[in-house]
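So the structure is just underneath, and the comments pick up after that.
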Amino acid sequence: MAMMLLESIVGVLMLLLIILLIFLACKPWRFFFSSRSRTLKVGDLDRPLVSDGVESNESARNYDLEGACNQNKGPLRLSRPVGLVHKQRLPSASPHLIQGDSLVLDVVSEPTEDVSVGQTLKRIFPTEQPAEVQTQVRQENQSSLLGSSLENDAFQEFVPKVITDQRSCLSLEVISGPSRGLLCSIQSTSSSRLPLTLGRVSCDLLLKDSEVSGKHAMINWNIDKKKWELVDMGSLNGTLLNSQPINHPDSGSRHCSDPVELTNGDIITLGKTSNIYVHVTSKSENKTPFGVGLASDPMALRRGGKKLAMEDVCYYQWPLPGIDKFGVFGICDGHGGVAAANSASKMLPEKVASILSDSLTRERVLLQCDASEVLRVAFSQTEASMNNDYEGCTATVLLVWADGDENFFAQCANLGDSACVMNVDGKQIKMTEDHRVTSYSEKLRIGEIEPLKDGDTRLCGLNLARMLGDKFLKRQDARFSSEPYISEAVHIHRASSTFALLASDGFWDVICVRKAVQLVLQTRERYSTDGENSAEKVANFLLSEARTLRTKDNTSIIFLDFDSKSRLTSCKVES
């Protein structure tokens, strides 16, 4: 009898244990408690704000004008999903799609700041706001973005589209390794020669390097994107682009990698020692009414073992889209990365063209022979549109326009230390102002706000006090400025012997203004019989002179020859 009672008790306990386990597994209390999800909703799909593997951007940054900052070793590439660099999750907000396929997260921290398309996402510190305030801010931002979109649409209707059949020329130069000095060039229209192969056996660019695979890499022209693209062909030792591997992630396979865009100044590394310098130019049928020559070099091997990324961007447009007889020529020198320089080089011509699209503004410029207000507003609008918190750039823009008598006017605006000098019938005219912290004019301006301490040569690690971008620094220190220096307009008579020289600080670090003018005069006379190529040859000679004098910084040069005998088919450096 006792035995049966014991078995019954054990059976009841086992039943209770089973019921308890089922209860714990089902977790019925989860229906009575809910936690707030801190994700951004895109439609009905919840996605975490921060993707795995994104490094925190909280550590201190050592800014240096001559090189990229430690935390940002290259340009921002949008070929894969972009995660915010700040890992703390933010309150949810509505996204907006603006111009094209890019997704912009409209995360609001301050009502006056917007996240612009194509710009570096800002590090944003979340603040708690009432729901009604957040709703109001989002509505204001939507209205602002809608207005901006309408303005852009109107401007696009006014400006004619860029010619799509523009030819692009790719030149490759082996700058180190067993095949150093080897050259190879191809045009985008040469479809029978594409793709261009690089390797050790039966390739277009044949490298006598035992560490290079037989078919190592190839370069092709993407007709849809109008860009050159590099692909690793499953090489044994991999392919590097600006010191970053591009080969297939499965190192054990021999699969081709995804295509990666090439830009002017890139360095391709095959094996361990073969470095190839990439030079990209584009040619159109439009002719400038004066000679134009461009040359640039990252001087990547001028620092011994330390490679130097290309952060200069030089550009020009003649004429401006829809604006006859007006053109801009400019150089942007980036620091902390090339993203700010890329953004500024695209925005500045657009802003100038937008302002000059007003006929009254153009008439005022032609009547007063002065475009200072146009340049000032263009710089101000560009700075407002840029969203680069931890990257900045210098900006030097030369605006040139023709009057009714086939004469020209030139006026310059600049921020930073990329300089422009003109020579009019033997008279040297400095068109820019140096904005380094140590320059006399900047010391006076900074001293009115807060004087520098004895021995200080930098502000927050930068040796520049004026630049575009670097929004975080500007919020921290009021001594930083984006107000440009604007020169007087220079009249260029058609019978005069006039030229203009724009160059980044890599050139001016080793060549003074007086010597630069002497070199131009000597070289121009030497190449005076070469016609269309003379301006480009002068620019390349100046670049080679800077290389000979062992400059250690990126160097870019734009040379304009207003001599009536000088003519050049447009050939501009892409970036």
Measure the spacing between [atom1] of [X] and [atom2] of [Y] and express it to the nearest 0.5 Å.
X    : Y    : atom1 : atom2 : value
S354 : I323 : OG    : CD1   : 8.5 Å
D470 : Q476 : CG    : CD    : 12.0 Å
N264 : L170 : CG    : CG    : 10.0 Å
Q411 : C420 : CD    : SG    : 11.5 Å
I557 : L542 : CD1   : CG    : 5.0 Å
S556 : D505 : OG    : CG    : 10.0 Å

Are the side chain of [X] and the backbone N or O of [Y] linked by a donor-acceptor pair below 3.5 Å?
X    : Y    : value
S385 : T382 : no
T551 : A546 : no
K471 : M386 : yes
R376 : P484 : no
D358 : I355 : no
E311 : G337 : yes
N414 : E433 : yes
T394 : S418 : no
E261 : W228 : no
K351 : V374 : no

Would you say the side chains of [X] and [Y] form a donor-acceptor pair under 3.5 Å?
X    : Y    : answer
D417 : H435 : no
T432 : T396 : no
D232 : T239 : yes
S504 : D312 : yes

**Message:** My understanding is that only residues two or more places apart in sequence, or in another chain, count here; which of them pass salt bridge (Lys or Arg N to Asp or Glu O under 4.0 Å) with R445?
**Reply:** E442
Contact check, side chains of [X] and [Y], non-hydrogen atoms, under 4.5 Å:
X    : Y    : answer
S296 : M310 : yes
L398 : L560 : yes
V328 : L399 : yes
M299 : R550 : no
N463 : R458 : yes
L462 : M467 : yes
I175 : I267 : yes
T457 : V437 : no

**Message:** With a sphere of 6.0 Å drawn around NZ of K430, does it hold more than 12 non-hydrogen atoms of other residues, nucleotides or ligands?
**Reply:** yes
**Prompt:** Any chance CD of E488 has more than 12 other-residue heavy atoms, nucleotides or ligands included, within less than 6.0 Å?
**Reply:** no
**Request:** Quick one: sort the Y390 and F472 rings into parallel, tilted or perpendicular, breaks at 30° and 60°.
**Result:** tilted
**Request:** Would you mind telling me which of R479, K474, R475 makes a salt bridge (charged side-chain N to carboxylate O under 4.0 Å, His left out) with D477?
**Result:** R479
**Partner set under side-chain contact (heavy atoms from CB on, under 4.5 Å) for I223, not counting sequence neighbours** = W221, K226
